[in-house]
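See structure below.
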Amino acid sequence: MQSTSAYIDSLRPAGSKRSSKRDLIVNVFLRQEGHLSADTLVDLIRKEDQRISRATIYRTLQWMVDAGIARKVDFGEGRFRFEHSYRHPRHFHLICKECNRSSEFLSSDIEALVEEVAAARNFSARQSVVQIYGTCEQCRTGRAPVVAEGTTEALFARDALRIAIATERSGREFYSRGAKIVKDARARTVFNKLANEEVDHLAKLESRYQQLLAQDPELESRPTFLFFKGAANGLFAAGVEELVKVKDDRQALMLGIKCERNSHRFFKKYGERFEDSEGKQIFLEFADEEREHLELLIREYRDLIKRTTKRRPLTKAAGSARANA
Ligand SMILES: [Zn+2]
Ligand SMILES: [Zn+2]
């Protein structure tokens, strides 16, 4: 993962000079969580260096928006707010109209719906903004929240791990059941091998999850950030149900291929969209593992076809078709 200064350097146009004022402003901005107004940023910068003018700060803020370091958000208050995008995935907002606090979430179902609508209307969607206005729990009940939200980066990593763990669990279930169903010895070996790999991956992911909790003991009870409804139960869950219906080993392998392909596509698609962060890495690493499984299953499927086709005696029609070819 990039450090903050490497990140800022990567955004600076080639040949442009370092500006210590600009670096200070960017650094202070990147240290903030949440959604800042330009005035709040001016106050924060002035605490560090009185000599930096408001105009310089405004100009730098605009430069950060253009460079993709900052995102401009409009919560309908008559002024813009700014949030940084460094290790901070895109997200949607819940905005409380009483206290003006906002919280962040992401939903694959909302994104899928936006894609569907855009495709149906032949519209090339560049950016979608979802803002839900209302009253937060604290303003509604007067009770302070039991736990604070924590940083979006930590919530994102936690939820990415939860989804990956759920997928591994349903994958392990799929392959260990599959191993009992298939009749071909080689196919059984492959299913057992994959079930064992899922156990290994699961252990790794769970220890990573424990590491994350060690950094923040309250992390488990903080609000959900990623709402991935379909994925939350594990992308193989549907496959486990379909497994009882398969009629032969080919279908069982094909079902495995289907599950791995969906899983690989899901983690790759979201992993690629996220900003550099631990959650992004988790998704992309997981996508790679699923691709390896996918490739293995495809090889085995082809091999099974070859072996079973050879063994079968040729019918007269098939024999003459071959002779004519
Ligand atoms: Zn509120
Ligand atoms: Zn935000």
Side-chain angles (χ1 to χ4, degrees), residues 29 32-41 61 64-65 68-121 123-163 166 216 218-233 266 269-275 277-280 283:
F29 179 66
Q32 313 305 316
E33 285 298 325
H35 311 90
L36 257 66
S37 68
D39 290 335
T40 313
L41 184 64
L61 206 41
M64 289 195 282
V65 171
I69 304 170
R71 283 186 289 247
K72 211 170 182 175
V73 287
D74 181 2
F75 290 164
E77 309 160 286
R79 61 173 179 180
F80 288 109
R81 285 175 181 266
F82 300 86
E83 58 182 11
H84 70 76
S85 43
Y86 175 66
R87 296 187 188 177
H88 189 178
R90 285 167 315 96
H91 52 267
F92 303 132
H93 292 110
L94 294 164
I95 301 148
C96 177
K97 289 308 267 182
E98 313 270 326
C99 65
N100 282 326
R101 267 189 302 235
S102 59
S103 62
E104 306 180 329
F105 72 98
L106 193 59
S107 156
S108 60
D109 303 274
I110 293 179
E111 297 203 329
L113 190 63
V114 170
E115 279 169 22
E116 190 188 315
V117 171
R121 298 283 290 265
F123 185 83
S124 148
R126 197 177 52 229
Q127 186 197 5
S128 46
V129 176
V130 175
Q131 303 197 153
I132 302 169
Y133 295 97
T135 314
C136 72
E137 188 181 9
Q138 196 174 347
C139 290
R140 239 183 39 248
T141 62
R143 283 194 305 267
V146 187
V147 289
E149 289 216 355
T151 67
T152 300
E153 188 189 4
L155 295 182
F156 175 39
R158 178 200 65 186
D159 295 348
L161 273 172
R162 281 181 179 171
I163 292 164
D216 175 4
E218 300 216 83
L219 191 62
E220 285 223 281
S221 39
R222 298 196 195 282
T224 304
F225 173 69
L226 293 177
F227 290 83
F228 280 177
K229 229 165 68 192
N233 311 320
F266 175 85
K269 176 173 152 186
Y270 283 97
E272 282 175 349
R273 284 187 189 178
F274 294 136
E275 282 71 19
S277 59
E278 167 138 25
K280 181 192 183 85
F283 267 46

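Values below: all heavy atoms of this structure, side chains included; hydrogens, waters and symmetry mates excluded.
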How long is the gap from [atom1] on [X] to [atom2] on [Y], to the nearest 0.5 Å?
| X | Y | atom1 | atom2 | result |
| --- | --- | --- | --- | --- |
| Tyr270 | Phe283 | OH | CZ | 9.0 Å |
| His93 | Tyr133 | NE2 | OH | 10.0 Å |
| Ile95 | Cys136 | CD1 | SG | 12.0 Å |
| Ser107 | Phe92 | OG | CZ | 6.5 Å |
| Arg143 | Glu137 | CZ | CD | 6.0 Å |
| Gln131 | Asp74 | CD | CG | 7.0 Å |

Check [X] against [Y] and note the closest heavy-atom contact, atom names and distance.
| X | Y | value |
| --- | --- | --- |
| Cys96 | Thr135 | SG-CA, 3.9 Å |
| Leu226 | Ala160 | CD1-N, 3.7 Å |
| Asp159 | Thr224 | OD2-C, 3.8 Å |
| Glu278 | Ala157 | CG-CB, 3.8 Å |

Ring centres under 6.0 angstrom apart ([X], [Y]):
| X | Y | value |
| --- | --- | --- |
| His91 | Phe105 | no |
| Phe266 | Phe228 | yes |
| His35 | Phe82 | no |

*Any donor and acceptor pair, going by atom type alone, linking the side chain of Lys280 with main-chain N or O of Gly271 inside 3.5 Å?*
yes

*Are the side chain of Ser85 and the backbone of Ile69 linked by a donor-acceptor contact shorter than 3.5 Å?*
yes

*salt bridge (Lys or Arg N to Asp or Glu O under 4.0 Å) partners for Glu272, two or more places apart*: Lys268

_Audit row: Arg71, His84, side-chain contact (heavy atoms from CB on, under 4.5 Å) steps and yes/no_ = CA-CA 6 Å; Arg71 283 186 289 247; His84 70 76; over 6 Å; no

*Which residue, Thr152, Leu155, Ile132, Leu94, forms the side chain to side chain contact (heavy atoms under 4.5 Å, CB included) with Ser103?*
Leu94

*Which is it for Glu111 and Leu106 under the side-chain contact (heavy atoms from CB on, under 4.5 Å) test, yes or no, and what are the steps along the way?*
CA-CA 9 Å; Glu111 297 203 329; Leu106 193 59; 3.7 Å; yes

*Are Lys97 and Glu77 within salt-bridge range, i.e. N to O under 4.0 Å?*
no

*State whether Asp216 and Arg222 are salt-bridged, where the test is any N-O pair (Lys NZ or Arg NE/NH1/NH2 against Asp/Glu carboxylate O) under 4.0 Å.*
yes

*State, yes or no, whether a side-chain contact exists between Ser102 and Phe75 at a heavy-atom distance under 4.5 Å.*
yes

*Does the pair Phe80 and Ser37 meet the rule for a side-chain contact (heavy atoms from CB on, under 4.5 Å), with working shown?*
CA-CA 6 Å; Phe80 288 109; Ser37 68; over 6 Å; no

*Test Lys72 against Glu83 for side-chain contact (heavy atoms from CB on, under 4.5 Å), laying out the working first.*
CA-CA 7 Å; Lys72 211 170 182 175; Glu83 58 182 11; over 6 Å; no

